[in-house]
Amino acid sequence: MYRKWQHGMYIKRVKKRVFISLLIIKKTNQMKTQTQTLRKVFMWYEVKKLSDYSDSMVAKKLGIDRRTVSKYRKMSEEDFNSFVSKGRVYTRILSSYYSAVHSLLLVDNDLPAALIEDRLKEKYPDFPKVSSKTVYNFVHHVRRQEKIPVRDTVRQTEAMEEFAYGSQGQVDFGTAHMRRVDGSRLRVYFFALVLSRSRYKYVYFQTTPFTGTTAVEAHELAFGYIEGIPKKLVYDQDSVFLKSENLGDYLLADDFRRYRDERGISVEFCRKADPQSKGRIENVIGYVKNNFLRARTFYDIGRLNEEALCWLDRKANGTRHATTKRLPRREWMIEKEHLAPYCPSRLIPREEAPLYTVRKDNTISYKGNFYRVPYGTYNGKGPEVSLKADNGIVSLYSQQGELLAEHPVSLGKGKVVGGTTYRRDRNSRLEVLKREVLSLWEGGDTLSLFIDLIHRDKPRYLRDNLKIIREVIGEYGKELVEAALNYCLANKLYNAFYLKEAAAYHLESECRKRKHPPVIKPLHEGVRVGRYDTDAFIPERSKIRGYDKIMEL
């Protein structure tokens with residue numbers, strides 16, 4: 001009975017202390033959740049109750065870590081209450097990207113988290129592999145810290161029926177304003193195509209409105225990208241494709257009519273902004289504007305199309321679709337087997353090939369690589385060249401239609417394509433200087449061998465060596481230079497400075513041989529001087545001319 005009463009009193013004391021601890025935690029307003037805090041309080045009292053047992057036995061009995069048992073045993077009641085009242089601080093894995101996210105939100109405070117995630121992956125190749133939910137939470141954390149609200153937008157949509165593989169594609173145009181590097185704004189126009197079943201997308205940009213001819217060119221690029229042609233294409237009633245419409249009777253534009261007849265495509269036109277008929281392509285247009293183009297800087301149209309292809313591969317076709325929950329690229333691998341085969345059209349007149357700006361280093365940027373044009377093409381204003389890619393060959397043409405360069409298409413990224421043919425000819429003047437030096441030499445092949453060895457040993461300093469050799473030949477003559485050359489070759493001294501020093505040394509030796517040294521007579525010849533007889537030592541005076549002759553040696 002006494003033990004039951006003692007246990008009951010212990011339980012009352014525990015409940016009282018728990019109640020006091022909960023009041024303290026509630027006042028501090030820093031607890032994580034009430035359930036977790038209560039569990040910690042009970043565990044602390046249980047650890048204190050089982051003080052006679054070892055840490056390992058208590059940990060096994062309570063189902064907690066042994067280090068937690070050791071930590072709780074060392075805590076007094078005041079220390080424990082202080083520990084529970086303080087919330088734990090976690091380090092966010094994306095904390096180092098706080099300023100990058102903040103700067104993007106300053107450009108446009110309504111940027112969605114998915115777009116910010118794509119921009120971070122594009123800018124930082126070492127971006128950690130985290131889920132999109134982690135990025136979403138971090139973006140909202142930045143919004144809360146910087147007090148950047150997001151506007152709620154509601155759009156009513158309706159689910160559309162599923163199509164068979166290869167049965168339909170949808171086409172539309174879009175426009176958007178982009179900001180240049182200097183702060184000015186530019187309007188860009190883009191063509192988009194999506195396969196209705198797989199959601200595989202393509203987009204193409206230009207700086208001028210689309211015409212019948214450029215729209216046909218965009219179709220060709222799109223069919224080449226998706227590697228086939230769907231059975232039917234759905235369009236807006238756009239003037240690019242239609243001349244007029246009369247209650248369902250359509251008069252097609254000439255260029256598009258010829259192209260449709262050549263390709264044998266079944267076309268369908270619907271009203272503008274009709275989500276029931278072509279909601280998939282309208283979503284793509286909005287996706288391009290709000291994900292790819294948003295807060296992006298315009299440099300040139302070639303670079304924009306390259307960035308778009310990378311975005312298609314990385315984001316638009318490389319991430320799981322929100323509706324189908326499938327990867328568009330995987331679905332496209334199935335759907336392209338149901339598409340009509342594609343081969344480039346030769347019957348439709350085309351505009352000139354797309355233009356690319358020549359960079360300062362005389363290259364153009366194309367699909368992530370840099371292709372050389374001849375040295376001197378860049379004139380300080382960034383001239384443009386047209387590019388045609390066919391059968392794995394990239395051909396670059398001037399504005400006058402002159403072929404500038406041809407290169408094989410590189411499969412890598414970030415490579416400079418083009419050999420020494422298109423680089424500055426640094427050897428032409430060097431060869432002229434070499435021939436000039438050899439023309440001054442009337443000996444054998446010794447000098448030619450010496451120059452070749454210098455070129456092999458120090459190719460970057462051949463020009464400077466040739467200039468010094470030319471000076472040595474003009475100053476010292478054939479015999480001295482021949483001796484100096486033999487000395488340098490024998491001692492493996494492949495440097496024109498050594499040749500010059502050797503020639504100077506041989507010249508000095510020749511001068512010594514030609515001059516006879518003066519005869520110096522000994523002092524007091526025939527006079528014997530005792531060891532300590534200093535009085536008998538009479539110095540003899542010499543003439544100054546004798547010393548002058550000695551110094552001349």
Side-chain angles (χ1 to χ4, degrees), residues 163-173 190-206 210-235 240-241 252-269 281 284 302 305-306 308-310 312-313 316-317 328-356 366-369 371 386-397 401 403 406-411:
F163 293 89
Y165 286 113
S167 61
Q168 189 193 82
Q170 299 181 7
V171 176
D172 203 355
F173 298 105
F190 62 93
F191 165 95
L193 180 144
V194 61
L195 294 175
S196 298
R197 176 59 185 265
S198 64
R199 269 61 165 193
Y200 198 70
K201 310 165 192 68
Y202 175 76
V203 60
Y204 173 74
F205 291 88
Q206 61 184 40
F210 280 89
T211 63
T213 307
T214 54
V216 168
E217 178 71 20
H219 277 77
E220 285 292 289
L221 293 173
F223 294 153
Y225 183 81
I226 66 176
E227 299 181 12
I229 304 173
K231 296 178 181 178
K232 179 186 287 187
L233 290 176
V234 179
Y235 300 91
V240 173
F241 306 117
L252 300 182
D254 294 338
D255 290 338
F256 185 69
R257 177 178 53 79
R258 290 196 300 269
Y259 185 69
R260 183 205 61 175
D261 295 341
E262 180 202 354
R263 286 297 187 193
I265 305 172
S266 175
V267 298
E268 179 182 338
F269 294 93
I281 191 61
V284 172
N305 278 307
E306 291 176 18
L309 291 175
C310 294
L312 288 170
D313 184 65
N317 298 324
R329 187 183 294 111
R330 290 182 183 174
E331 288 293 293
W332 167 72
M333 296 295 291
I334 302 173
E335 185 165 18
K336 73 176 183 177
E337 300 297 330
H338 298 80
L339 299 174
Y342 165 76
C343 60
S345 173
R346 299 184 182 276
L347 301 179
I348 303 300
R350 310 283 182 86
E351 286 188 349
E352 295 182 357
L355 298 177
Y356 289 80
Y366 174 66
K367 290 188 177 181
N369 293 296
Y371 294 83
S386 58
L387 183 146
K388 294 182 180 179
D390 189 19
N391 296 326
I393 300 296
V394 172
S395 302
L396 302 173
Y397 296 87
L403 178 63
E406 285 185 341
H407 305 287
V409 175
S410 176
L411 301 179

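On a predicted model such as this, the values are computed, not experimentally measured, just so you know. Atom set for the values below is all heavy atoms of this structure, side chains included, hydrogens, waters and symmetry mates excluded.
- No side-chain heavy atom of T211 sits less than 4.5 Å from a side-chain heavy atom of D255.
- Using modelled atom types, one finds no donor on one side chain facing an acceptor on the other under 3.5 Å when comparing E337 with Y165.
- A salt bridge links E268 to K232: at least one charged side-chain nitrogen sits closer than 4.0 Å to a carboxylate oxygen.
- Taking CD1 from I226 and OG from S198, the interatomic distance works out to 8.5 Å, rounded to the nearest 0.5 Å.
- Classification of the Y204-Y202 ring pair by plane angle, with boundaries at 30° and 60°, yields parallel.
- Looking at heavy atoms from C-beta onward, T213 lies out of side-chain contact with Y259 at the 4.5 angstrom threshold.
- Scanning both residues, F210 and A218, for their nearest heavy atoms gives CE2-CB, 4.1 Å.
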Before you tell me yes or no, could you show the steps for L233 and L193 under side-chain contact (heavy atoms from CB on, under 4.5 Å), namely the whole-Å CA-CA distance, both residues' side-chain angles and the distance that decides it to 0.1 Å?
CA-CA 9 Å; L233 290 176; L193 180 144; 4.3 Å; yes
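- A salt bridge links E220 with R263: the distance from a Lys NZ or Arg NE/NH1/NH2 to an Asp or Glu carboxylate oxygen falls below 4.0 Å.
- No side-chain heavy atom of I281 sits less than 4.5 Å from a side-chain heavy atom of V234.
- Note that the CD atom of E335 and the CE atom of M333 stand 12.5 Å from one another [nearest 0.5 Å].
- At a threshold of 4.5 Å between non-hydrogen side-chain atoms, the residues E227 and Y342 do not count as touching.
- For the ring-ring contact (aromatic ring centres under 6.0 Å, His included) test, residues two or more places apart in sequence or in another chain that qualify with F205 are F190, F292.
- Ring geometry, Y200 versus Y225: the interplanar angle falls under 30°, so the pair is classed parallel (tilted spans 30 to 60°).
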Determine, stepwise, if the pair L387 / L396 fulfils side-chain contact (heavy atoms from CB on, under 4.5 Å).
CA-CA 5 Å; L387 183 146; L396 302 173; 3.5 Å; yes
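- Checked by atom type and distance alone, the side chain of Q168 never pairs as donor or acceptor with a backbone atom of S196 at under 3.5 Å.
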Run the numbers on R329 and D313 for side-chain contact (heavy atoms from CB on, under 4.5 Å), then give the verdict.
CA-CA 8 Å; R329 187 183 294 111; D313 184 65; 3.1 Å; yes
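- Residues K201 and P328 meet the side-chain proximity criterion, which asks for heavy atoms closer than 4.5 Å.
- Not one N or O on the side chain of E406 forms a donor-acceptor pair closer than 3.5 Å with the backbone of S395.
- Looking at heavy atoms from C-beta onward, V409 lies out of side-chain contact with K367 at the 4.5 angstrom threshold.
- Taking 4.5 Å as the limit, some side-chain heavy atom of F223 sits within range of a side-chain heavy atom of P230.
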CA sep, side-chain torsions, deciding dist, call: S266, K231, side-chain contact (heavy atoms from CB on, under 4.5 Å):
CA-CA 6 Å; S266 175; K231 296 178 181 178; over 6 Å; no
